[in-house]
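A quick note: this is a predicted structure, and the numbers were derived from the prediction, not measured.
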Amino acid sequence: MKLFIDTADVQEIRDAASLGLLDGVTTNPTLVARVGRPMREVLTEICEIVSGPVSGEVLATTYDEMLVEARELASIAPNIVVKIPLIADGLRAVKTLTQEGIKTNVTLCFSPIQAMLAAKAGATYISPFVGRLDDVGHEGMELVDQILEIYGNYEVDTQVLVASVRSPNHVLTAMRMGADVATIPFNVIGQLIKHPLTDVGLARFIEDGRKIKQEA
Ligand code: G3P
């Protein structure tokens, strides 16, 4: 499973990239607003750090305006993936952008039928938001399971990108289900690495290592 980071903070991206495990980046308008920089400037810098797919989202909600913005975003770098919201105009835009060879990530997916429609439009990625479903009392990962089943039934090429990830358990379940990608906030990437028994075990090895006699 590919691991993307879900942030617009370039320092977090540099730190995650230095691990050597980072396959790509996703951003959204909320994440870009949080860093207080213009969208184009941030995405340009991210594409200089990461050679894998970098998702940048359109702000427009009409077909014509989405196309203008999407082409503008796609001109930033060859690895830009344009994020498009899962609304009727968005699906139309995905179809056109796919014909133009522009990669898309269809975002704000909350149902398996929406996911199938995005695939039919030619989406490169579909982003089910698992954490936000959990927040309203649904089982977010159940949506991922259903999308994978449906895409498997029809040999769909669209990649399932698990988004709105809040915990290592989301990542584990995504891996077990065979999702293509999980996009993970920086703090959760840290949680994936750490285990208390690793820390306890290492402390013991360091302590015992000091007792080993050195050769004369
Ligand atoms: O980037 C889309 C998604 O990952 C947002 O996550 O935590 O705002 O629901 P969250």
| task | Give the C-alpha distance, both sets of side-chain angles, the deciding distance and a yes or no for side chain to side chain contact (heavy atoms under 4.5 Å, CB included) between V82 and V58. | result | CA-CA 7 Å; V82 180; V58 297; 3.7 Å; yes

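- How far CD1 of I13 is from CD of E48: 12.0 Å, rounded to the nearest 0.5 Å.
- I150 and M116 get closest at one heavy-atom pair: CG2-SD, 3.6 Å.
- Put simply, CG on L91 and OG1 on T96 are 11.0 Å apart, with the number rounded to the nearest 0.5 Å.
- For residues 54-110, the set of pairs meeting the ring-ring contact (aromatic ring centres under 6.0 Å, His included) definition, not counting sequence neighbours, comprises F110-F129.
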Show the atom names and distances, to 0.1 Å, of all donor-acceptor pairs under 3.5 Å that link a side chain in residues 193-200 to residues at least two apart or in another chain.
unit_1, atom_1, unit_2, atom_2, d
K194, NZ, D199, OD2, 3.0
H195, ND1, L197, N, 3.0

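- When side chains are defined from C-beta on, D145 does not count as touching L143, because their heavy atoms never get closer than 4.5 Å.
- One hydrophobic cluster, built from ILVMFWY side chains closer than 4.5 Å, holds both V32 and L59.
- Between Q191 and P168, the closest heavy-atom pair is OE1-CD, 3.1 Å.
- Within the structure, the salt bridge (Lys or Arg N to Asp or Glu O under 4.0 Å) test picks out the following pairs touching residues 6-30 (sequence neighbours left out): R14-E45.
- In this structure the side chain of L3 never reaches within 4.5 angstrom of the side chain of L22, judged on heavy atoms.
- Side-chain contact check for L19 versus I189: some heavy-atom pair is nearer than 4.5 Å.
- Clustering of Ile, Leu, Val, Met, Phe, Trp and Tyr by side-chain heavy atoms under 4.5 Å joins V181 with F4, V81, Y125, L161.
- Side chains of T62 and E65: a donor-acceptor N/O pair is present below 3.5 angstrom, by distance only.
- E69 contributes a side-chain N or O that, together with a main-chain N or O of A60, makes up a donor-acceptor pair within less than 3.5 Å.
- Minimum heavy-atom separation, V35 to A8: CG1-O, 3.7 Å.
- To the nearest 0.5 Å, atoms OG1 (T7) and CG (N28) are separated by 9.5 Å.
- Among pairs with a residue in residues 98-111, those fulfilling side-chain hydrogen bond (donor to acceptor under 3.5 Å, both in side chains) read S55-N105, R71-E100, N105-S127, at least two apart in sequence or across chains.
- Considering only heavy atoms from C-beta on, R34 comes within 4.5 Å of L31 through its side chain.
- Taking CG of L117 as the reference point, atom CG of L86 lies at 7.0 Å (rounded to 0.5 Å).
- Side-chain contact check for R92 versus M66: every heavy-atom pair is 4.5 Å or farther apart.
- Atom CG of D157 is surrounded by 12 or fewer heavy atoms from other residues, nucleotides or ligands within 6.0 Å.
- Listed by first then second residue, pairs satisfying salt bridge (Lys or Arg N to Asp or Glu O under 4.0 Å) with a partner in residues 123-135 read D135-R166, not counting sequence neighbours.
- When all heavy atoms of A174 and V162 are compared, the pair lying nearest together is CB-CG2, 4.0 Å.
- Note that CD of E72 and CG of L43 are 10.5 Å apart. Values are rounded to the nearest 0.5 Å.
- By the rule that hydrophobic residues join a cluster once side-chain heavy atoms approach within less than 4.5 Å of another member, M175 and V130 end up as members of one cluster.
- Smallest separation of non-hydrogen atoms from N79 and C47: OD1-SG, 3.6 Å.
- In this structure, E142 CD and T173 OG1 are separated by 11.5 Å, a value rounded to the nearest 0.5 Å.
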| query | For R37 and V10, what are the C-alpha separation, side-chain angles and deciding distance, and is it a side chain to side chain contact (heavy atoms under 4.5 Å, CB included)? | reply | CA-CA 11 Å; R37 297 174 62 192; V10 291; 4.0 Å; yes

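- For L172, the CG atom sits in a packed shell: over 12 heavy atoms of surrounding residues, nucleotides or ligands are nearer than 6.0 Å.
- S167 has its side chain out of reach of V188: every pair of non-hydrogen atoms, C-beta onward, lies at least 4.5 Å apart.
- Under the 4.5 Å side-chain criterion, counting only non-hydrogen atoms from C-beta, K83 is not in contact with T27.
- Shortest non-hydrogen contact noted between H170 and G131 is CE1-CA, 4.1 Å.
- In this structure, Y151 contributes its side chain and A115 its backbone to a donor-acceptor pair below 3.5 Å.
- By the 4.5 Å heavy-atom criterion applied to side chains, V160 and V144 are counted as neighbours.
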| task | Apply side chain to side chain contact (heavy atoms under 4.5 Å, CB included) to I87 and T61, showing your working. | result | CA-CA 8 Å; I87 56 177; T61 54; 4.3 Å; yes

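- Counting heavy-atom neighbours within 6.0 Å of R176 CZ, excluding the residue itself, gives a total of 12 or less.
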| field | Test side chain to side chain contact (heavy atoms under 4.5 Å, CB included) applied to V94 and V106, step by step | value | CA-CA 8 Å; V94 169; V106 177; 3.6 Å; yes

